[in-house]
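The next block holds one structure in the form of structure tokens; read it before the comments.
In listed order, ligands and their atoms are each counted from 1. In what follows, residues are counted from 1 in the order of the sequence shown.
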Amino acid sequence: MLRRNGTLGLVLLVAGLGLAGCGGGEETTVAVTLQEFAVLPEQDTVPAGSVTFEATNEGPDDPHELVVIRTDLAPEALPTTPDGAVDEEGEGIEVIGEIEEFPVGETRSGTFDLEAGDYVLVCNIVEEEGGEIEAHYALGMRIGFVVT
Ligand SMILES: [Cu+2]
């Protein structure tokens with residue numbers, strides 16, 4: 001009797017681990033503030049699985065976007081094009097997806113299947129402001145993000 005219960009318990013435990021290890025088990029929502037010039041997620045570490053970013057553009061003036069990049073590079077060390085934007089085809093990075101540019105005062109969400117690893121969240125908008133080129137990435141819209 002004792003032995004049977006022990007075996008049953010072990011089987012249930014293994015089944016439970018199997019489900020958890022199947023991927024897609026975890027669903028996490030992370031609020032992210034976009035502003036001039038910063039990307040501010042409410043948490044910087046999430047479990048692997050389905051991750052929904054709820055991005056709010058707090059401006060005050062510019063449209064912003066949120067690009068999810070998998071990379072082992074530091075947030076400020078991503079490959080760039082001559083205008084200062086991240087080269088999305090560059091060495092050492094993989095663009096997973098993005099929430100496209102949207103206006104101040106609005107919130108947009110995007111859901112991505114993220115494996116464990118190191119990521120960087122950036123806004124990769126480049127605009128001309130009074131004759132000067134402004135790359136939001138170069139101005140500080142970048143932050144590390146870890147999936148465990
Ligand atoms: Cu931006």
**Prompt:** Hey, which N, O or S atom on H136 ends up closest to the Cu ion (ligand 1)?
**Reply:** ND1

**Fill in**
Atom name of the N, O or S atom of H64 nearest to the Cu ion (ligand 1) is ND1

**Item:** Identified side-chain contact (heavy atoms from CB on, under 4.5 Å) counterpart of T71 within the set V120, D118, V95
**Value:** V120

**Asked** How wide is the angle at the Cu ion (ligand 1) between SD of M141 and SG of C123, to the nearest 10°?
**Response** 110°

**Asked** Got a sec, which pairs hit side-chain hydrogen bond (donor to acceptor under 3.5 Å, both in side chains) with one end in residues 122-134, sequence neighbours left out?
**Response** E88-N124, E127-H136

**Complete:** Taking every heavy atom of L121 against every heavy atom of P41, the minimum-distance pair comes out as CD1-CG, 4.3 Å

**Request:** Please find out if less than 6.0 Å separates the ring center of F145 from that of F53.
**Result:** yes

